[in-house]
Amino acid sequence: MDLLRDPAAPNHHDRVHSVVVVGAGILGAAAAFALAARGHRVTVIDEQAETPSASDAAFGWVTRAGSAAAGPARSIPELERVLADTRALLGRLDPTPWVSWSGAASWAETAQETRARIAQSRSGMQLMPSGVRSLTLPGLRGHASAIAWAADEAILDAAQYRSAMLDQAVALGATLRPGRVLHVTPLPLNSYRVLEESGAAVECDSLVLACGVGIPKLAAQLGGSVAIDSSPAARFTFTAPDLEVTAVVSTPQFEIRPDGTGRFVAAEDVVAGEPEETTVMRARASLSAVRKAFGLAATPEPEALTIGWRPIPAGRALVCEALPDHPGALVLAAHPGITLAATLALRVADWAADRAHVS
Ligand SMILES: Cc1cc2nc3c(=O)[nH]c(=O)nc-3n(C[C@H](O)[C@H](O)[C@H](O)COP(=O)(O)OP(=O)(O)OC[C@H]3O[C@@H](n4cnc5c(N)ncnc54)[C@H](O)[C@@H]3O)c2cc1C
């Protein structure tokens, strides 16, 4: 059942039941939207819904193929569906967040490595045709002789995407509560009690733990063991009037994209614990590499630098499954989460439908 593609929501074959979603990052927002669209009674609780730790800091690349600069893409079956699912979900949002299906260019240190990555890729990566290169990266100097090109990938404003899904969930009847969840407790008849720091408590039939780095603690209260690593990355913006780039450009030295307003967004990995000045120096070094690659008159200055802590399930790309002894408590975590949000939202909605049928 694929409700996000069916405008006739809600699906009246599902028994309505109550679901608490802990976490209003991109995954919690997508889950809340899909559940509300199926007609469930949804409560979303987040301690910092205005500034989720990772989601609003994201670069915003919805990528099936990944980057030739990052080594062989991980084999995640869900990635095959992410572009179609994201398109379908965006089509249900009003207002639509800023999105551009303008493709992604990437390259490795050497042309040989880039060609090898293209050969390894099973997901739509090809050698960039010269006509596309002159349209997409007209100012690029000759050093990148082989460029990997994924024509159908998207860039979007992750913060707008997240808040549009939350708004739509609320319009469909969901409740959004600010608050830190301290405890989750099982109740008789397969239901749960969710206790907030404020002392407020909510009871529900099902529970979605989409709270990123907060998942292990709450899962442990239900006897589950879920390891979530946390890795920092920086997002910043810059202006460069003489830079002509219409798609994602991902290389070992920099990752940039246009933002639709004439400015650019960039992302950089960060070493945990490094001083902020070091991160700023990394950002400057990457923009110096952009200047060289595109022959810009001057090195742009990084602006609005934000560090986000990416929740990364230990040893796997995603977790979207109920805790072993709690079929009503689903853990939802993924990296890359912006890319996987729409596809995992469908999985959450299907899980809730199964729950509603058996309970
Ligand atoms: C710089 C950067 C660039 C990135 N670029 C991309 C990209 O281009 N494409 C891509 O797909 N991904 C990208 N990512 C990764 C992506 O942002 C994450 O995978 C995704 O945002 C994770 O979403 P989430 O909802 O799981 O977690 P989060 O956004 O961290 O949300 C979790 C929420 O849970 C809340 N919470 C935690 N504990 C509790 C509690 N006890 N009670 C209540 N609330 C709680 C937190 O307040 C938070 O709001 C990037 C990340 C960064 C930082």
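If you're wondering where the values come from, they're calculated on a predicted model, not measured in any experiment. For this chain, numbers begin at 1 and follow the sequence in order. Order of appearance sets the numbers: ligands from 1, and atoms from 1 within every ligand.
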* Asked: Can you check whether Thr339 has an N/O within less than 3.5 Å of an N/O in ligand 1?
  -> yes
* **Heteroatom proximity flag, Ile26 to ligand 1, N/O under 3.5 Å** => yes
* **ligand 1 N/O within reach of Gly214 N/O, cut-off under 3.5 Å** => no
* Asked: Between Phe236 and Phe238, what is the ring plane arrangement, given parallel below 30°, perpendicular above 60°, and tilted in between?
  -> tilted
* Taking everything shown except Arg193 itself, do over 12 heavy atoms lie less than 6.0 Å from its CZ? -> no
* Applying a 4.0 Å heavy-atom criterion (strictly less than), which segment of Pro311 is in contact with ligand 1: side chain, backbone, both, or neither? -> side chain
* Pick, from Gly212, Cys211, Gly60, the option with the minimum heavy-atom distance to atom 37 (C) of ligand 1. => Cys211
* Asked: In terms of hydrophobic clustering (I, L, V, M, F, W, Y; side-chain heavy atoms under 4.5 Å; direct or indirect links), are Val22 and Val19 co-clustered?
  -> no
* Do you see a donor-acceptor pair shorter than 3.5 Å between the side chains of Thr63 and Glu153? -> yes
* Using a heavy-atom cut-off of under 4.0 Å, does the side chain or the backbone of Ala334 touch ligand 1, or both, or neither? -> backbone
* Asked: Going by distance only, is there an N or O of Trp61 that falls short of 3.5 Å from an N or O of ligand 1?
  -> yes
* **Polar proximity ligand 1 side, Val181 side, N/O cut 3.5 Å exclusive** => yes
* Asked: Counting heavy atoms not belonging to Glu274, are there more than 12 under 6.0 Å from its CD?
  -> yes
* Option with minimal heavy-atom separation from atom 12 (N) of ligand 1, where the choices are Ile338, Leu332, Leu156 -> Ile338
* To do: Go through the side-chain N and O atoms of Ser250 and Ser106 and say whether any donor and acceptor fall under 3.5 Å apart.
  => no
* State which residues pass salt bridge (charged side-chain N to carboxylate O under 4.0 Å, His left out) with Arg115; sequence neighbours excluded, sorted by chain then number. => none
* To do: Using distance alone, decide if ligand 1 has a nitrogen or oxygen within less than 3.5 Å of any nitrogen or oxygen in Trp309.
  => no
* To do: Tell me which one of Gly308, Ala267, Ala57 gets a heavy atom nearest to atom 2 (C) of ligand 1.
  => Ala57
* Asked: Do ligand 1 and Leu218 have nitrogen or oxygen atoms that lie under 3.5 Å from each other?
  -> no
* Structure fact -> Restricting to heavy atoms, the pick from Pro232, Ser231, Gly337, Ala154 nearest atom 19 (O) of ligand 1 would be Gly337
* To do: Can you label the angle between the Phe254 ring and the Trp107 ring as parallel, tilted or perpendicular, going by 30° and 60°?
  => perpendicular
* **Distance-only N or O hit between ligand 1 and Arg310, under 3.5 Å** => no
* Asked: Can a non-hydrogen atom of Gly179 be found less than 4.0 Å from any atom of ligand 1?
  -> yes
* Flag Ala234 as yes when one of its N or O atoms lies below 3.5 Å from any N or O atom of ligand 1, and as no otherwise. => no
* Going by heavy atoms in the side chains, are Val208 and Trp351 under 4.5 Å from each other? -> yes
* Cut-off 3.5 Å, side chains only: do Arg310 and Ser231 have a donor facing an acceptor? -> yes
* What do you reckon, does Ala333 put a non-hydrogen atom under 4.0 Å from ligand 1? -> no
